[in-house]
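Comments concern the structure below.
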Amino acid sequence: MTIRLRDWARWVGYPAFYLGSLLVFVYVTFPFDRIKERLIAEFNARQADGSRLEIDDMSWYWGSGVEASGVRLTLPPPKNASTDQSGAAPKPRVVELEHVYARLSLLSFLFGTRHVSFGAGVLGGEVSGEVTDRGNDREVALRFEEMDVGALPFMRDVSGLPMTGTLTGSIELEAPEQKLAKSSGKVSLKLSRLTVGDGKAKVMDALALPKLDAGDLTLEADIAGGRVDLKQFSARGPDVEVIADGKIRLRDPFNNSLAELGLRFRFSDKYKSKNETTKSLFGAPGSSMPALFDLDPKAKRAKRPDGFYSWRVTGPFEHLLFEPSPAGVGGAGSRARGTMRGFPAAQNPDDSE
């Protein structure tokens, strides 16, 4: 029995001890500082707009992964940003991530599949997900938990006003040959307690509107063959109601994706009556005085009898076009313009009769 144990120790124990020592040595001496410096240098060298990445520390994450802490992404001010009241130039914007991790599944890798899980603590919440590559095909899953979208720099760039709201939900995508144009999946997102403005920031540096409460914005969409069909895109808050429908044809890269959407919104009587500014801009309920908002030719054409302003949103994402469409997408107004390139002609239900 002793001889057998001795042989076992010689042929199994020694190699195991050697392998364990090697792993400990690699774990302790792995050059994370060099990797961190190279990652920062390569990222910053590729940013034409002057964006800069900073990382305080990197370390192992569950053996086969890497974790970074103290991650800061410094973005330049928006191109259209103006100086503040003191005349000082606008400051760069900083997005801080409490921690970021990524981990490769070694078991999946042994069978020819690359599966990477990742996550980050950002904007007061969490984003996590997985990327799986099987041959030329890719699967992506993203999950968002209680993220403060108002802290995202581009959100204020879009509206020109401060925003608040928390994002939860998920995105699932399967991309054959890693191409968006062939992808399928599902989108389910909810932006809770969405507000726009704070009563101080001015629209186009002209008017300071009261905070607008949009309630909860829900987005549900199905993706098949590179086509995104909106099942639900709506927000019904105390101050405004927003509804969108239509479809998006995904392209590579994403900015080339084509949209054909209908967007309509209307302000509540409560919001129109908040102060003299809203009464003059949107029209006081029951007043015969025309609203200043309706004096704009496009806004006037977009207004419907039910109080909604209806718009047709078309074109590539990098250059979307907004045109008045009181009939809405799929209605008589949009059919008169024909169909957009990249989409099949929509059939009018009345044509089948």
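- The shortest non-hydrogen separation linking I40 to I55 is CD1-N, 3.8 Å.
- A donor-acceptor contact shorter than 3.5 Å links the side chain of N44 to the backbone of L53.
- For the pair S108 (side chain) and S105 (backbone), a donor-acceptor distance under 3.5 Å is absent.
- The backbone N or O of F109 lies less than 3.5 Å from no partner atom in the side chain of T113, so there is not a single donor-acceptor pair.
- The closest side-chain donor-acceptor pair between Q232 and S234 falls under 3.5 angstrom.
- Put simply, the side chain of Q47 gets close to the backbone of F43: a donor and an acceptor are under 3.5 Å apart.
- Less than 6.0 angstrom separates the ring centroid of F254 from the ring centroid of F317.
- Contact detail for S64 and L106: the closest heavy-atom pair is CB-CG, 3.8 Å.
- Rounding to the nearest 0.5 angstrom, the gap separating the OG1 atom in T168 from the CD atom in E145 is 9.0 Å.
- Ring pair F265/F267 is perpendicular by interplanar angle, where above 60° counts as perpendicular and below 30° as parallel.
- For S268 (side chain) and P238 (main-chain N/O), a donor-acceptor pair under 3.5 Å exists by modelled atom type.
- Counted by atom type alone, S188 and E220 present one or more donor-acceptor pairs between their side chains at under 3.5 Å.
- S69 and H99 share no side-chain donor-acceptor pair at under 3.5 Å.
- Of the possible donor and acceptor atoms, one in the side chain of D137 sits under 3.5 Å from a partner among the backbone N and O of E177.
- Looking only at side-chain heavy atoms (C-beta outward), L261 and F233 stay at 4.5 Å or farther from each other.
- Residues L281 and L209 form a side-chain contact, since some pair of their non-hydrogen atoms from C-beta on lies under 4.5 Å apart.
- The 12-atom threshold is exceeded at CZ of R72, counting heavy atoms of other residues, nucleotides or ligands nearer than 6.0 Å.
- For E323 and R312, the salt-bridge test fails: no basic side-chain N is under 4.0 Å from an acidic carboxylate O.
- Atom CG of residue D306 and atom CD of residue E241 lie 9.0 Å apart, to the nearest 0.5 angstrom.
- The pair E139-R134 meets the salt-bridge criterion, with a side-chain N (NZ, NE, NH1 or NH2) lying under 4.0 Å from an Asp/Glu carboxylate O.
- Classification of D245 and R264 as a salt-bridged pair holds, one side-chain N sitting under 4.0 Å from a carboxylate O.
- Between F282 and Y271, the ring planes lie tilted relative to each other; the angle falls in the 30° to 60° range.
- D296 has no carboxylate O lying under 4.0 Å from a charged side-chain N of K298, or vice versa, which leaves the two without a salt bridge.
- Aromatic rings of Y101 and W62 (six-membered ring for Trp) have centroids beyond the 6.0 Å cut-off, not under it.
- Here the side chain of K247 pairs no donor or acceptor atom with the backbone of L230 at under 3.5 angstrom.
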Practice task
Go through R193 and T164 one step at a time and tell me if the side chain to side chain donor-acceptor pair (under 3.5 Å) criterion holds.
Solution key: CA-CA 7 Å; R193 301 178 297 278; T164 64; over 6 Å; no
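- No side-chain donor-acceptor contact under 3.5 Å links S184 to the backbone of A224.
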Exercise for the section: In sequence, state the C-alpha distance, the side-chain angles, and the governing distance for L189 and L167, and then conclude on side-chain contact (heavy atoms from CB on, under 4.5 Å). Expected result: CA-CA 7 Å; L189 299 174; L167 177 66; 4.2 Å; yes
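- K279 NZ: more than 12 foreign heavy atoms inside a 6.0 Å radius.
- Using a 4.0 Å cut-off between charged side-chain N and carboxylate O, D294 and K300 make no salt bridge.
- Under the 4.5 Å side-chain criterion, counting only non-hydrogen atoms from C-beta, V313 is not in contact with L321.
- Taking each heavy atom of K211 and D239 in turn, the nearest pair found is O-OD2, 3.7 Å.
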